[in-house]
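All heavy atoms count here, side chains included; hydrogens, waters and symmetry mates do not. Letters go in sequence order (proteins before strands), and every chain restarts at 1. Everything numeric in this text was worked out from a predicted model, so none of it was measured.
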There are 2 protein chains.
Amino acid sequence: MSRAPTSSDVFNAVAEPHRRAILEFLATEERPVGEVVEALGLAQPSVSKHLRVLREVDLVRVRRDGRQKLYRTNAGAIRPLHEWSGSFERFWARHLRRIKERAESKRTEPKRA
Amino acid sequence: MSRAPTSSDVFNAVAEPHRRAILEFLATEERPVGEVVEALGLAQPSVSKHLRVLREVDLVRVRRDGRQKLYRTNAGAIRPLHEWSGSFERFWARHLRRIKERAESKRTEPKRA
DNA sequence: TAATCATATGCCAATATGGGAATATGTCAA
DNA sequence: TTGACATATTCCCATATTGGCATATGATTA
(Lines give C-alpha, C1' and ligand atoms only; values in the text may rest on other atoms or scores of the structure.)
Protein backbone atom coordinates (compact mmCIF):
# COMPACT_ATOMS: atom_id res chain seq x y z
CA MET A 1 0.00 0.00 0.00
CA SER A 2 1.11 3.53 -0.39
CA ARG A 3 -1.55 5.79 0.87
CA ALA A 4 -4.37 5.62 3.31
CA PRO A 5 -7.86 5.37 1.84
CA THR A 6 -9.16 8.85 1.29
CA SER A 7 -12.06 8.25 3.62
CA SER A 8 -13.80 11.33 2.35
CA ASP A 9 -15.47 12.44 5.50
CA VAL A 10 -16.52 15.70 7.08
CA PHE A 11 -13.07 16.29 8.55
CA ASN A 12 -11.52 15.92 5.17
CA ALA A 13 -14.11 18.10 3.50
CA VAL A 14 -13.56 21.06 5.79
CA ALA A 15 -9.79 20.79 5.60
CA GLU A 16 -9.91 22.81 2.39
CA PRO A 17 -10.07 26.57 2.99
CA HIS A 18 -12.23 27.27 -0.05
CA ARG A 19 -14.71 24.68 1.07
CA ARG A 20 -14.95 26.28 4.48
CA ALA A 21 -15.57 29.60 2.78
CA ILE A 22 -18.33 28.02 0.72
CA LEU A 23 -19.94 26.55 3.82
CA GLU A 24 -19.89 29.93 5.49
CA PHE A 25 -21.32 31.61 2.44
CA LEU A 26 -24.14 29.11 2.16
CA ALA A 27 -24.91 28.96 5.84
CA THR A 28 -27.55 31.68 6.01
CA GLU A 29 -29.48 30.95 2.85
CA GLU A 30 -29.51 28.90 -0.27
CA ARG A 31 -27.80 30.34 -3.31
CA PRO A 32 -27.08 29.36 -6.88
CA VAL A 33 -23.63 28.19 -7.90
CA GLY A 34 -23.05 31.35 -9.84
CA GLU A 35 -23.22 33.44 -6.73
CA VAL A 36 -20.70 31.26 -5.01
CA VAL A 37 -18.42 31.67 -7.99
CA GLU A 38 -18.79 35.40 -7.83
CA ALA A 39 -18.51 35.67 -4.08
CA LEU A 40 -15.40 33.56 -3.75
CA GLY A 41 -13.76 34.58 -7.00
CA LEU A 42 -13.11 30.98 -8.00
CA ALA A 43 -13.59 29.39 -11.38
CA GLN A 44 -16.97 27.81 -11.91
CA PRO A 45 -15.68 24.26 -12.40
CA SER A 46 -13.68 24.61 -9.24
CA VAL A 47 -16.74 25.57 -7.29
CA SER A 48 -18.74 22.73 -8.76
CA LYS A 49 -16.07 20.30 -7.71
CA HIS A 50 -15.93 21.61 -4.18
CA LEU A 51 -19.69 21.51 -3.97
CA ARG A 52 -19.59 17.92 -5.03
CA VAL A 53 -17.23 17.01 -2.24
CA LEU A 54 -19.41 18.85 0.23
CA ARG A 55 -22.52 17.20 -1.15
CA GLU A 56 -21.01 13.77 -0.82
CA VAL A 57 -20.62 14.17 2.92
CA ASP A 58 -23.96 15.92 3.21
CA LEU A 59 -22.44 19.23 4.23
CA VAL A 60 -24.55 20.93 1.59
CA ARG A 61 -27.93 20.15 0.10
CA VAL A 62 -29.10 21.05 -3.37
CA ARG A 63 -32.37 21.75 -5.02
CA ARG A 64 -33.02 22.57 -8.62
CA ASP A 65 -34.72 25.82 -9.49
CA GLY A 66 -35.13 26.23 -13.20
CA ARG A 67 -31.74 26.23 -14.74
CA GLN A 68 -30.07 26.99 -11.49
CA LYS A 69 -29.24 24.78 -8.62
CA LEU A 70 -29.63 26.22 -5.19
CA TYR A 71 -27.18 25.07 -2.58
CA ARG A 72 -27.30 25.56 1.12
CA THR A 73 -25.18 24.45 4.02
CA ASN A 74 -26.53 21.59 6.05
CA ALA A 75 -25.21 22.76 9.38
CA GLY A 76 -26.20 19.58 11.13
CA ALA A 77 -23.47 17.71 9.29
CA ILE A 78 -20.93 19.91 11.03
CA ARG A 79 -21.94 18.66 14.45
CA PRO A 80 -19.64 15.63 14.53
CA LEU A 81 -16.73 17.99 14.12
CA HIS A 82 -17.99 20.22 16.87
CA GLU A 83 -18.52 17.31 19.17
CA TRP A 84 -15.16 15.77 18.47
CA SER A 85 -13.32 19.00 19.13
CA GLY A 86 -15.53 19.65 22.12
CA SER A 87 -14.44 16.39 23.69
CA PHE A 88 -11.09 18.08 24.31
CA GLU A 89 -12.65 21.02 26.03
CA ARG A 90 -12.12 19.70 29.52
CA PHE A 91 -8.41 19.49 28.81
CA TRP A 92 -7.98 23.03 27.63
CA ALA A 93 -10.32 24.21 30.36
CA ARG A 94 -8.15 22.49 32.92
CA HIS A 95 -5.16 24.17 31.43
CA LEU A 96 -6.77 27.58 31.57
CA ARG A 97 -7.78 26.99 35.15
CA ARG A 98 -4.21 26.19 36.11
CA ILE A 99 -2.99 29.35 34.46
CA LYS A 100 -5.62 31.37 36.21
CA GLU A 101 -4.83 29.86 39.57
CA ARG A 102 -1.20 30.61 39.14
CA ALA A 103 -2.01 34.21 38.37
CA GLU A 104 -4.26 34.44 41.42
CA SER A 105 -1.66 33.08 43.80
CA LYS A 106 0.88 35.46 42.40
CA ARG A 107 -1.48 38.29 43.16
CA THR A 108 -2.20 37.03 46.65
CA GLU A 109 1.36 36.37 47.67
CA PRO A 110 3.36 38.78 45.57
CA LYS A 111 6.65 38.06 47.25
CA ARG A 112 6.91 34.39 47.85
CA ALA A 113 10.13 33.13 49.49
CA MET B 1 -0.52 26.77 -10.37
CA SER B 2 -1.87 23.32 -9.87
CA ARG B 3 -2.79 22.94 -6.29
CA ALA B 4 -3.72 25.16 -3.44
CA PRO B 5 -1.02 25.64 -0.84
CA THR B 6 -1.48 22.99 1.78
CA SER B 7 -1.53 25.68 4.43
CA SER B 8 -0.73 23.08 7.00
CA ASP B 9 -3.13 24.18 9.63
CA VAL B 10 -5.14 22.58 12.37
CA PHE B 11 -7.98 21.67 10.02
CA ASN B 12 -5.61 19.88 7.77
CA ALA B 13 -3.85 18.14 10.63
CA VAL B 14 -6.99 16.62 12.06
CA ALA B 15 -8.28 15.53 8.68
CA GLU B 16 -6.16 12.41 8.97
CA PRO B 17 -7.85 9.67 11.01
CA HIS B 18 -4.63 8.35 12.49
CA ARG B 19 -3.71 11.80 13.66
CA ARG B 20 -7.03 12.18 15.38
CA ALA B 21 -6.42 8.85 17.09
CA ILE B 22 -3.03 10.08 18.22
CA LEU B 23 -4.53 13.26 19.62
CA GLU B 24 -7.09 11.26 21.54
CA PHE B 25 -4.47 8.90 22.86
CA LEU B 26 -2.24 11.73 24.02
CA ALA B 27 -5.00 13.85 25.46
CA THR B 28 -4.97 12.55 29.02
CA GLU B 29 -1.25 12.27 29.62
CA GLU B 30 2.09 12.49 27.97
CA ARG B 31 3.48 9.31 26.47
CA PRO B 32 6.57 8.20 24.59
CA VAL B 33 6.40 7.57 20.86
CA GLY B 34 6.79 3.85 21.41
CA GLU B 35 3.51 3.68 23.26
CA VAL B 36 1.73 5.46 20.46
CA VAL B 37 3.20 2.97 18.03
CA GLU B 38 1.98 0.10 20.14
CA ALA B 39 -1.41 1.57 20.87
CA LEU B 40 -2.26 2.45 17.30
CA GLY B 41 -0.51 -0.45 15.63
CA LEU B 42 1.28 1.79 13.17
CA ALA B 43 4.87 1.66 12.05
CA GLN B 44 7.23 3.79 14.09
CA PRO B 45 8.29 6.07 11.23
CA SER B 46 4.67 6.66 10.39
CA VAL B 47 3.93 7.76 13.90
CA SER B 48 6.94 10.04 13.95
CA LYS B 49 5.76 11.68 10.77
CA HIS B 50 2.28 12.22 12.06
CA LEU B 51 3.65 13.62 15.27
CA ARG B 52 5.71 16.03 13.26
CA VAL B 53 2.67 17.33 11.46
CA LEU B 54 0.86 17.70 14.75
CA ARG B 55 3.84 19.40 16.31
CA GLU B 56 4.07 21.89 13.48
CA VAL B 57 0.61 23.20 14.20
CA ASP B 58 1.16 22.99 17.94
CA LEU B 59 -1.42 20.27 18.42
CA VAL B 60 1.11 18.30 20.41
CA ARG B 61 4.02 19.32 22.61
CA VAL B 62 7.16 17.32 23.23
CA ARG B 63 9.65 17.03 26.00
CA ARG B 64 12.69 14.86 26.11
CA ASP B 65 13.07 12.34 28.87
CA GLY B 66 16.27 10.41 28.57
CA ARG B 67 16.20 8.56 25.29
CA GLN B 68 12.50 8.94 24.98
CA LYS B 69 10.44 11.85 23.89
CA LEU B 70 7.20 12.40 25.69
CA TYR B 71 4.37 13.79 23.64
CA ARG B 72 1.10 15.17 24.82
CA THR B 73 -1.86 16.78 23.17
CA ASN B 74 -2.08 20.52 23.43
CA ALA B 75 -5.84 20.71 23.60
CA GLY B 76 -5.87 24.48 23.34
CA ALA B 77 -4.81 24.24 19.72
CA ILE B 78 -8.06 22.44 18.98
CA ARG B 79 -10.15 25.40 20.03
CA PRO B 80 -10.15 27.17 16.66
CA LEU B 81 -11.79 24.10 15.20
CA HIS B 82 -14.33 24.00 17.95
CA GLU B 83 -15.11 27.64 17.55
CA TRP B 84 -15.40 27.46 13.81
CA SER B 85 -17.77 24.53 13.92
CA GLY B 86 -19.62 26.15 16.79
CA SER B 87 -20.33 29.19 14.67
CA PHE B 88 -22.80 27.00 12.77
CA GLU B 89 -24.57 25.92 15.86
CA ARG B 90 -27.34 28.45 15.59
CA PHE B 91 -28.18 27.05 12.18
CA TRP B 92 -28.50 23.48 13.23
CA ALA B 93 -30.24 24.59 16.41
CA ARG B 94 -32.77 26.46 14.34
CA HIS B 95 -33.28 23.38 12.27
CA LEU B 96 -33.80 21.20 15.29
CA ARG B 97 -36.23 23.68 16.72
CA ARG B 98 -38.28 23.58 13.55
CA ILE B 99 -38.39 19.82 13.65
CA LYS B 100 -39.42 19.87 17.26
CA GLU B 101 -42.15 22.41 16.67
CA ARG B 102 -43.53 20.37 13.87
CA ALA B 103 -43.65 17.33 16.11
CA GLU B 104 -45.36 19.31 18.85
CA SER B 105 -48.04 20.65 16.60
CA LYS B 106 -48.66 17.18 15.28
CA ARG B 107 -49.18 15.98 18.81
CA THR B 108 -51.44 18.90 19.69
CA GLU B 109 -53.65 18.73 16.66
CA PRO B 110 -53.48 15.11 15.57
CA LYS B 111 -56.10 15.46 12.87
CA ARG B 112 -55.49 18.65 11.04
CA ALA B 113 -57.83 19.59 8.19
C1' DT C 1 34.39 4.46 22.78
C1' DA C 2 31.19 0.81 21.35
C1' DA C 3 26.80 -1.13 21.57
C1' DT C 4 22.02 -0.35 22.22
C1' DC C 5 17.68 1.83 22.60
C1' DA C 6 14.33 5.49 21.01
C1' DT C 7 13.03 8.50 17.64
C1' DA C 8 13.54 11.13 13.34
C1' DT C 9 14.52 11.65 8.50
C1' DG C 10 15.26 10.51 3.60
C1' DC C 11 13.84 8.25 -0.36
C1' DC C 12 10.64 5.76 -3.19
C1' DA C 13 6.17 4.22 -4.95
C1' DA C 14 1.28 4.77 -5.35
C1' DT C 15 -2.36 7.58 -4.99
C1' DA C 16 -5.04 11.79 -3.94
C1' DT C 17 -5.93 16.50 -4.85
C1' DG C 18 -6.90 21.07 -6.88
C1' DG C 19 -6.69 24.19 -10.64
C1' DG C 20 -7.28 25.23 -15.70
C1' DA C 21 -9.33 24.49 -20.06
C1' DA C 22 -12.52 22.23 -22.85
C1' DT C 23 -16.63 20.00 -23.16
C1' DA C 24 -20.90 17.65 -21.72
C1' DT C 25 -25.49 17.86 -19.64
C1' DG C 26 -29.69 19.88 -18.35
C1' DT C 27 -33.18 23.55 -18.54
C1' DC C 28 -35.57 27.30 -20.37
C1' DA C 29 -36.84 30.62 -24.13
C1' DA C 30 -37.67 31.90 -28.87
C1' DT D 1 -35.78 22.46 -32.63
C1' DT D 2 -32.28 25.90 -31.86
C1' DG D 3 -29.85 28.88 -29.02
C1' DA D 4 -28.56 30.66 -24.64
C1' DC D 5 -27.76 30.02 -19.89
C1' DA D 6 -26.28 27.40 -15.60
C1' DT D 7 -23.88 23.74 -13.79
C1' DA D 8 -21.28 19.34 -13.99
C1' DT D 9 -17.75 16.40 -15.75
C1' DT D 10 -13.48 15.07 -17.99
C1' DC D 11 -8.70 15.37 -18.99
C1' DC D 12 -4.25 16.96 -17.93
C1' DC D 13 -0.68 18.72 -15.01
C1' DA D 14 1.83 19.73 -10.88
C1' DT D 15 2.08 18.99 -6.29
C1' DA D 16 0.86 16.89 -1.84
C1' DT D 17 0.41 12.95 0.98
C1' DT D 18 1.08 8.51 3.21
C1' DG D 19 3.14 4.21 3.96
C1' DG D 20 7.30 1.14 3.77
C1' DC D 21 12.01 0.58 4.11
C1' DA D 22 16.56 1.86 5.18
C1' DT D 23 19.25 4.78 7.60
C1' DA D 24 20.59 8.79 10.44
C1' DT D 25 20.64 11.14 14.90
C1' DG D 26 20.46 11.49 19.86
C1' DA D 27 20.96 9.58 24.38
C1' DT D 28 22.22 6.01 27.66
C1' DT D 29 24.86 2.24 29.32
C1' DA D 30 28.69 -1.10 29.32
K.L.:
C:dA16, OP1 or OP2 - any side-chain N/O from A:Asn12 closer than 4.0 Å?
P.N.:
no
K.L.:
Identify, between B:Gln68 and A:Gly66, the residue whose nearest nucleotide on DNA chain C lies closer to the 5' end.
P.N.:
B:Gln68
K.L.:
May I ask you to decide whether A:Arg98 forms a salt bridge with A:Glu101, counting only side-chain N to carboxylate O separations under 4.0 Å?
P.N.:
no
K.L.:
With a 4.5 Å cut-off on side-chain heavy atoms, are A:Phe91 and B:Thr28 touching?
P.N.:
yes
K.L.:
Between the main-chain N or O of A:His18 and the side-chain N or O of A:Glu16, is there a donor-acceptor pair closer than 3.5 Å?
P.N.:
yes
K.L.:
How many Å lie between NE2 on B:His50 and P on D:dG19, as a whole number?
P.N.:
4 Å
K.L.:
For the CG atom of B:Leu40 and the CZ atom of B:Arg19, what is their distance to the nearest 0.5 Å?
P.N.:
12.5 Å
K.L.:
For DNA chain C, what residues of residues 23-32 of chain B have any heavy atom nearer than 4.0 Å?
P.N.:
B:Pro32
K.L.:
Quick one: A:Arg63 CZ to D:dT7 P, roughly how many Å, whole number?
P.N.:
13 Å
K.L.:
For the pair made of CZ in B:Arg64 and P in C:dC5, what is the distance, rounded to whole Å?
P.N.:
16 Å
K.L.:
Between atom CG in A:Leu70 and atom P in D:dA6, what is the gap in whole Å?
P.N.:
13 Å
K.L.:
To the nearest angstrom, how far is B:Leu51 atom CG from C:dA6 atom C1'?
P.N.:
13 Å
K.L.:
Which comes earlier along DNA chain D counting from the 5' end, the contact point of A:Val47 or that of B:Ser46, where each point is its nearest nucleotide?
P.N.:
A:Val47
K.L.:
How long is the line joining NZ of A:Lys69 and C1' of C:dT27, in whole Å?
P.N.:
11 Å
K.L.:
Would you say the side chains of B:Ser87 and B:Glu83 form a donor-acceptor pair under 3.5 Å?
P.N.:
no
K.L.:
Rounded to whole Å, please give me the gap between CD in A:Glu38 and P in D:dC5.
P.N.:
16 Å
K.L.:
According to side chain to side chain contact (heavy atoms under 4.5 Å, CB included), who are the partners of B:Arg64, at least two apart in sequence or on a separate chain?
P.N.:
B:Lys69
K.L.:
In whole angstrom, what separates A:Arg19's CZ from C:dG19's C1'?
P.N.:
13 Å
K.L.:
Would B:Leu81 and A:Leu81 count as a side-chain contact (heavy atoms from CB on, under 4.5 Å) here? Give the steps.
P.N.:
CA-CA 8 Å; B:Leu81 224 159; A:Leu81 223 159; 2.4 Å; yes
K.L.:
For the base of C:dA6, is there a side-chain donor-acceptor partner from B:Gln44 under 3.5 Å away?
P.N.:
no
K.L.:
Which heavy atom of B:Asn12 sits nearest to which heavy atom of A:Ala15, and what is that distance?
P.N.:
CA-CB, 4.1 Å
K.L.:
Quiz question: by atom type and distance under 3.5 Å, do the side chains of A:Ser48 and A:Gln44 form a donor-acceptor pair?
P.N.:
yes
K.L.:
Please enumerate all residues that pass ring pair (Phe, Tyr, Trp, His ring centres under 6.0 Å) together with B:Trp84, with sequence neighbours excluded.
P.N.:
B:Phe11, B:Phe88
K.L.:
Could you list all the salt bridge (charged side-chain N to carboxylate O under 4.0 Å, His left out) pairs where at least one residue sits in residues 46-55 of chain A, not counting sequence neighbours?
P.N.:
A:Arg52-A:Glu56
K.L.:
Is B:Tyr71 close enough to C:dA8 that one of its side-chain N or O atoms is under 4.0 Å from OP1 or OP2 there?
P.N.:
yes
K.L.:
Between B:Thr73 (side chain) and B:Leu23 (backbone), is there a donor-acceptor pair under 3.5 Å?
P.N.:
yes
K.L.:
Atom pairs, N/O to N/O, protein against nucleotides 10-12 of chain C, distance under 3.5 Å?
P.N.:
from   : atom 1 : to      : atom 2 : distance (Å)
C:dG10 : O6     : B:Lys49 : NZ     : 3.1

K.L.:
Under 3.5 Å, which N/O atoms of the protein pair with N/O atoms of nucleotides 1-4 of chain D?
P.N.:
none

